[in-house]
Amino acid sequence: MKKHAIIPIFIPHRGCPHNCVFCNQKEITARSDDVSPEDVRSIADTWLSTLGSLDSANIEIAFYGGSFTAIPLEEQSAFLSVAKEYLDNGRIGGIHLSTRPDCIDADILDNLKRFGVTAVELGVQSFSEEVLRLSCRGHGVSCVYRACDMIRDYGFRLGIQLMIGLPGDSEETCIDSARKTAEIRPELARLYPTIVLDHTPLFEMYRAGTYAPLKREDAVRITAEMYEILDEAGIQIMRVGLKSSDIIAEGGAVNGGTYHPAFRQLVEGYLARQQISGLLDSVITGTDDAGPATDAGAVRIRIYSNARWFSNMIGNQSKNRIYFSEHYPQLNIRYMVDNELADREFRVERV
């Protein structure tokens with residue numbers, strides 16, 4: 001798999017016309033100062049100096065942290081003109097940004113095209129009208145479809161970001177959002193379980209008892225179902241869960257028990273456990289064509305994954321290894337690597 005690097009430029013809450021209940025961008029980005037176009041050059045140079053021999057075609061400058069296309073067009077152009085210098089001289093292969101569905105129109109997209117932008121991610125969050133309303137998103141579902149269509153018509157790569165466990169959400173609405181995303185077939189997706197940050201309306205709802213964050217195990221299970229839907233649709237899942245930072249840490253600005261610094265591994269480990277359990281069950285029942293395992297003696301088993309998914313096979317803090325040991329005591333299991341296997345593909349064999 002080719003390595004890919006993103007040079008992140010965070011523009012905290014710059015330009016966003018709304019205050020969604022979950023949002024405190026300055027907490028999320030751990031920054032308090034605005035970024036200038038000249039900062040883009042400094043950040044890009046610093047990152048590029050660390051990327052060594054990585055093919056520049058696999059490097060992107062990405063504008064995150066706010067609603068980039070909500071800032072005035074001349075300011076967008078000032079930031080993008082610096083990024084375009086790196087694109088034109090071959091030091092990067094693309095320019096990437098995130099924004100809101102209601103901050104997309106023809107003038108904006110014309111300008112993005114002029115500066116060589118290659119990918120536009122939309123903070124969609126949900127395909128439920130009620131969830132969008134209760135989250136104070138300021139737009140409806142029809143706006144999402146319109147923005148996706150326009151971005152595609154202009155030839156940009158499309159990304160869709162979804163949140164799990166927003167006010168008014170249910171497992172059904174979350175799964176429906178994943179299915180509707182799969183129908184649109186963006187190139188990229190991100191999945192973010194809702195985190196209760198200090199200094200947000202959601203925090204006040206949490207304190208008042210009118211909003212309860214998902215329990216971590218429920219967030220993992222629902223996110224895993226959504227992940228599976230998107231992955232099977234061929235959509236690249238760029239991130240699962242918020243990135244850890246100095247300020248986003250349990251006991252810090254985060255409230256409730258949903259957040260985990262390795263949330264993606266929890267989700268992928270859950271998916272691995274579900275798949276491997278089915279394969280081991282076939283050994284126990286004898287439906288693997290080798291006869292059932294019995295208590296007469298431990299049956300030696302090897303479980304294979306590729307190297308990328310080996311840690312998911314074992315599980316975060318060896319949770320899957322412990323689970324298989326406890327639930328399949330008649331099996332003597334070893335964990336092996338087979339790089340002929342695809343991601344999320346496992347093989348179980350008797351020795």
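Residue indices begin at 1 and follow the sequence shown. Computed over heavy atoms, backbone and side chain alike; hydrogens, waters and symmetry mates excluded.
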Participant: Not counting sequence neighbours, which residues clear ring pair (Phe, Tyr, Trp, His ring centres under 6.0 Å) with Y323? List them please.
Facilitator: H327
Participant: Kindly write out the residues that satisfy salt bridge (Lys or Arg N to Asp or Glu O under 4.0 Å) with R157, not counting sequence neighbours, or none if the list is empty.
Facilitator: none
Participant: Side chains of residues 141-148: which donor-acceptor partners sit under 3.5 Å, not counting sequence neighbours?
Facilitator:
| residue | atom | partner | partner atom | Å |
| --- | --- | --- | --- | --- |
| R146 | NH1 | I104 | O | 3.3 |
| R146 | NH2 | I104 | O | 3.0 |

Participant: Tell me, do L87 and I95 make a side-chain contact under 4.5 Å, heavy atoms counted?
Facilitator: yes
Participant: Answer with yes or no whether the side chains of S305 and D338 bring together a donor and an acceptor at under 3.5 Å.
Facilitator: no
Participant: Could you walk me through whether Y211 and Y206 pass the ring pair (Phe, Tyr, Trp, His ring centres under 6.0 Å) test, one step at a time?
Facilitator: CA-CA 5 Å; Y211 171 79; Y206 170 72; 7.5 Å; no
Participant: Taking the side chain as every heavy atom from C-beta outward, state whether N332 and I301 have any pair of such atoms under 4.5 Å apart.
Facilitator: no
Participant: Restricting to side chain to side chain donor-acceptor pair (under 3.5 Å), what partner residues turn up for E172, sequence neighbours left out?
Facilitator: S170
Participant: Taking ring pair (Phe, Tyr, Trp, His ring centres under 6.0 Å) as the definition, give me every residue that meets it alongside Y335, ordered by chain and number, with sequence neighbours left out.
Facilitator: none
Participant: Between T50 and W47 (side chain of the first, backbone of the second, donor and acceptor by atom type, cut-off under 3.5 Å), is there such a pair?
Facilitator: yes
Participant: Does any non-hydrogen side-chain atom of I164 lie less than 4.5 Å from one of T194?
Facilitator: no
Participant: Holding to side chain to side chain donor-acceptor pair (under 3.5 Å), I want the full list of residues that pass it with Y328, two or more places apart in sequence or in another chain.
Facilitator: D281
Participant: Any pair with a residue in residues 122-131 that passes side-chain hydrogen bond (donor to acceptor under 3.5 Å, both in side chains), sequence neighbours left out, goes on the list, sorted by first then second residue, please.
Facilitator: E130-R133
Participant: Is the number of heavy atoms from other residues, nucleotides or ligands under 6.0 Å of R300 CZ greater than 12?
Facilitator: no
Participant: Assess the side chains of D149 and Y154: does a donor N or O sit below 3.5 Å from an acceptor N or O?
Facilitator: no
Participant: Measure from the side-chain N and O atoms of R216 to the backbone N and O of G257, and report whether any donor-acceptor pair falls under 3.5 Å.
Facilitator: yes
Participant: Would you kindly say whether D198 and N255 are connected by a side-chain donor-acceptor distance under 3.5 Å?
Facilitator: yes
Participant: Could you check if a side-chain atom of V196 sits within less than 4.5 angstrom of a side-chain atom of F22, using non-hydrogen atoms only?
Facilitator: no
Participant: Please list all pairs passing the salt bridge (Lys or Arg N to Asp or Glu O under 4.0 Å) test where one or both residues lie in residues 180-192, with sequence neighbours left out.
Facilitator: E121-R190, R152-E187, D176-K180
Participant: Does any non-hydrogen side-chain atom of H260 lie less than 4.5 Å from one of N316?
Facilitator: yes
Participant: Could you list who else is in Y304's hydrophobic cluster, with ILVMFWY side chains joined at under 4.5 Å, directly or through other members?
Facilitator: M336, L341
Participant: Hey, does R100 have a side-chain heavy atom less than 4.5 Å from the side chain of C20?
Facilitator: yes
Participant: Count the heavy atoms belonging to other residues, nucleotides or ligands that lie under 6.0 Å from CD of E340, then report whether that count exceeds 12.
Facilitator: no
Participant: For E171, give me all partners under salt bridge (Lys or Arg N to Asp or Glu O under 4.0 Å), at least two apart in sequence or on another chain.
Facilitator: R221
Participant: Quick check: are there more than 12 heavy atoms from other residues, nucleotides or ligands sitting under 6.0 Å from NZ of K113?
Facilitator: yes
Participant: Run the salt bridge (Lys or Arg N to Asp or Glu O under 4.0 Å) test against E349 and tell me which residues pass, sequence neighbours left out.
Facilitator: R347
Participant: For Y270 and N320, which I'm curious about, is there any donor-acceptor pair between the side chains at under 3.5 Å?
Facilitator: no
Participant: Just by modelled atom types, is the L214 backbone N or O under 3.5 Å from a matching donor or acceptor in the D218 side chain?
Facilitator: no
Participant: Using 30° and 60° as the class boundaries, would you call the ring planes of F346 and W309 parallel, tilted or perpendicular?
Facilitator: perpendicular
Participant: Got a sec, which pairs hit side-chain hydrogen bond (donor to acceptor under 3.5 Å, both in side chains) with one end in residues 222-231, sequence neighbours left out?
Facilitator: Y227-E268, E228-R344, D231-R344
